[in-house]
Amino acid sequence: MSPHDEISPNPRPGSMNDGTSTPALKEEASDLIIDETLIQAENEDRMTPYLVFLISAAALGGFLYGYDTGVIGVALPYVGTEFGGRALTSGEQEITTAACTIGSILGAAILGYFADAWGRKMCLLIADLFFTAGAIVMASSFSLGQLIAGRLILGVGVGGAAVICPLYITELAPTAARGRCVGTNGFCIPFGQTIAVAIGAGLKNVPHNWRILFGLGVVPSLVQLALFHRLPESPRVLILRGEDERARAVLSKIYSAAGPEVIELKLQVIKNHIELTTRLQRTSTFKERTGKLWTHKPYRRSIFTVCLIQVFGQFTGYNTLLYYAGDLFGLLGLENAAIGGLIPSITNTFFLLCGMVMVDRIGRRGLLMKLGPIMVVGLLWCLISFYFMCKPTGGFLVTGFAYSQTLVGMVIAGIVIFCVGFGSTYAHLCWYQSEYLALEIRAVGSAISTTASFSANLVVAVTFLSELETLTPAGTYGLYLGFIIIGLVLAYYCYPETKELSVDEAFSLFDDGWGVKKSIQMRKEKKEARKRFNENGSGAVGYETKAQTAHVEAV
């Protein structure tokens, strides 16, 4: 294939017949899906100031998600006896913590489902409003019921942000920088958690400290609301609405160094993908479309894969180190348990940043397979350390007991090792879900996987303290260890690499299998095609339309 030939990537699901896929280029479709990674506009893979602004503004949703999930672990112990003149029981703490997750399930399902109809931008606005309202209700709480209600309201914003932010960023980011762009949102989550824990540690002796902690959640949501009018809608959503001129303007600002011919070609690439991938909506009822999610094999495989990463990321038990940092590190004997909570937060944040930097080079699957086993080592270390540390108290953690400082240090070391592996992998890999989903199911598929994630998180949140009191700490972390091993084994067979594949291209991995081997073949062919393209052309791109077929020509 020369640069003058028609470029057609691997088959895409065009028609919805009997769960089979249709090749991208087909006589009846008269469409050719162009591999946009071969369209090398000058400097297009660089982070322009405008793109940095868009990603940063959108990633505030990730920061809010992180802050509001991390703050509960340090704020709840500060509540003390303010509600009813007694300290909160373990069950009340679990319910209060889980309330946010329950709201998140609703937010992810509702805003994710309506993300196409309402647009990514409007869904971000709605999430911000729930963030703001929830923070105000919590900060002004005078009863446990009001606090739980505030957590529920806040959770809707958390769930909405968890779906929409990575989806929005995925559709804006250039292919070559997409990993780092989506990873920015992933990085902001533990960064927000770290900020929450750090502020909580600093406010230990401040009156009404828990109200201040909850109230500070309005700051980033108000900032994002203030920036709302400067955020564009996703070009794909604009084209779905028939607003081609607005989509062209957005692409021109994102690819500021590209000429009008290249912008026009990119616009046509997206329109061709949308033409093929929206036939489902035009030719079927809601009931039929819902059924296709589970009967059409490529859809089913892709949804299973993103749910797999989301659910097993929660079943590692990492969030328990945030939700119950005060309880866990208090039982370990740390005088300021909130400072102890900074240990997993800072470790996770730093190594997530490392993973984010490496993700476009090593790949999503590459990071999980190479660095995921570190989590196994860390939790095995914790399990053994807890077993010997708790021997004097019958295997359980007992408040006020002076445990061996050496063994306490060993437990914390195991937690650090675990967080190294988690931060490098699941902490950000779960948010690449939109890459694996075709446009016509991208929003609803993201909603399904994020809802599955929060459902798994709910199970973990409401059982952790009870597990410590029944399974013992060693048994609890042994359970999480088992889930990590199962998750890595499933990912080995079902989690293909999307590195170097465009967002509209990666879904074709699931056409006739789980795509692990197909990904290797596709990326090899693309590398060879790109090499030929660069050797035979100067990097400029010509554009023409003929029978709705786009052609890439080297000038």
Side-chain angles (χ1 to χ4, degrees), residues 44-70 107-108 111-112 115 118-135 154 156-175 177-196 216-238 243 246-247 249-256 349 352-353 356 428 431-435 442-443 446 450 503:
E44 80 170 65
D45 60 345
R46 295 184 181 179
M47 297 295 294
T48 64
Y50 181 66
L51 185 58
V52 170
F53 163 74
L54 292 185
I55 303 306
S56 301
L60 279 173
F63 180 88
L64 278 162
Y65 173 12
Y67 182 88
D68 289 314
T69 54
L111 293 182
W118 297 346
R120 312 329 186 205
K121 184 177 175 180
M122 181 56 64
C123 287
L124 276 178
L125 171 64
I126 294 171
D128 274 332
L129 294 176
F130 275 94
F131 273 126
T132 304
L154 183 80
V156 176
V158 170
V163 173
I164 303 301
C165 290
L167 174 61
Y168 181 69
I169 294 172
T170 296
E171 294 185 341
L172 289 177
T175 297
R178 191 176 67 242
R180 296 186 295 276
C181 291
V182 179
T184 299
N185 181 72
F187 168 78
C188 284
I189 295 173
F191 181 64
Q193 292 166 342
T194 302
I195 294 299
L216 285 174
V218 304
V219 177
S221 64
L222 291 176
V223 171
Q224 192 171 56
L225 281 171
L227 297 174
F228 179 77
H229 69 285
R230 298 190 60 186
L231 297 178
E233 184 54 88
S234 164
R236 287 167 174 80
V237 172
L238 293 173
E243 301 180 28
R246 290 183 61 193
V250 174
L251 289 171
S252 297
K253 294 189 74 174
I254 293 175
Y255 298 98
S256 58
T349 303
L352 188 152
L353 181 61
M356 188 180 77
H428 62 109
W431 303 117
Y432 294 98
Q433 58 193 17
S434 299
E435 294 181 347
R442 191 169 294 155
S446 295
T450 307
V503 65

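None of the values given here were measured: they were computed from a predicted structure.
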Cation-aromatic face contact Lys121/Tyr168, 6.0 Å, 45 degrees:
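No; the conditions do not both hold, so Lys121 does not lie above the ring face of Tyr168.
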Working note: Leu51 + Tyr255, criterion side chain to side chain contact (heavy atoms under 4.5 Å, CB included); need CA distance, chi angles, decisive distance, verdict.
CA-CA 9 Å; Leu51 185 58; Tyr255 298 98; over 6 Å; no
Identify the two heavy atoms, one from [X] and one from [Y], that lie closest to each other, and give their separation to 0.1 Å.
| X | Y | answer |
| --- | --- | --- |
| Leu352 | Gly183 | CD2-O, 4.2 Å |
| Gly70 | Ala196 | C-CB, 4.0 Å |
| Pro232 | Val250 | CB-CG2, 3.7 Å |
| Gly159 | Thr450 | O-CG2, 4.4 Å |
| Ala59 | Cys188 | O-CB, 3.6 Å |
| Pro220 | Gly217 | CD-O, 3.6 Å |

Just by modelled atom types, is the Met356 backbone N or O under 3.5 Å from a matching donor or acceptor in the Arg180 side chain?
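Absent.
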Please step through side chain to side chain contact (heavy atoms under 4.5 Å, CB included) for the pair Ile169 and Trp431, ending with a clear verdict.
CA-CA 10 Å; Ile169 294 172; Trp431 303 117; over 6 Å; no
At what distance, to the nearest 0.5 angstrom, does [atom1] of [X] lie from [atom2] of [Y]?
| X | Y | atom1 | atom2 | answer |
| --- | --- | --- | --- | --- |
| Leu60 | Cys165 | CG | SG | 8.5 Å |
| Leu64 | Ser221 | CG | OG | 5.5 Å |
| Leu124 | Asp128 | CG | CG | 7.0 Å |
| Asn185 | His428 | CG | NE2 | 12.5 Å |
| Arg236 | Leu172 | CZ | CG | 8.5 Å |
| Thr184 | Ile189 | OG1 | CD1 | 11.5 Å |

Determine whether the side chains of Thr69 and Gln193 contain a donor N or O and an acceptor N or O closer than 3.5 Å.
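Looking only at side-chain atoms, Gln193 and Thr69 do form a donor-acceptor pair, the distance falling under 3.5 Å.
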How are the rings of Phe187 and Phe191 set to each other: parallel, tilted or perpendicular (split at 30° and 60°)?
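Parallel, since the angle between the ring planes stays under 30°.
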Summary of side-chain hydrogen bond (donor to acceptor under 3.5 Å, both in side chains) pairs that have at least one residue in residues 55-66, sequence neighbours excluded:
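Listed by first then second residue: nothing to list.
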Does some side-chain heavy atom of Thr170 sit less than 4.5 Å from a side-chain heavy atom of Tyr432?
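Tyr432 does not reach Thr170 side chain to side chain.
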Should Leu227 and Phe53 be marked as a side chain to side chain contact (heavy atoms under 4.5 Å, CB included) after you check the CA-CA gap, both sets of side-chain angles, and the distance that decides it?
CA-CA 10 Å; Leu227 297 174; Phe53 163 74; 4.1 Å; yes
For a side chain to side chain donor-acceptor pair (under 3.5 Å) check, start with the C-alpha distance between Ser434 and Glu171, then their side-chain angles and the critical distance, and finish with the verdict.
CA-CA 9 Å; Ser434 299; Glu171 294 185 341; over 6 Å; no
Could you please spell out the steps behind the side chain to side chain contact (heavy atoms under 4.5 Å, CB included) verdict for Tyr67 and Leu216?
CA-CA 9 Å; Tyr67 182 88; Leu216 285 174; 3.4 Å; yes
Partner set under side chain to side chain contact (heavy atoms under 4.5 Å, CB included) for Phe130, not counting sequence neighbours
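Phe130 satisfies side chain to side chain contact (heavy atoms under 4.5 Å, CB included) with Ile126, Ile153, Val156 only.
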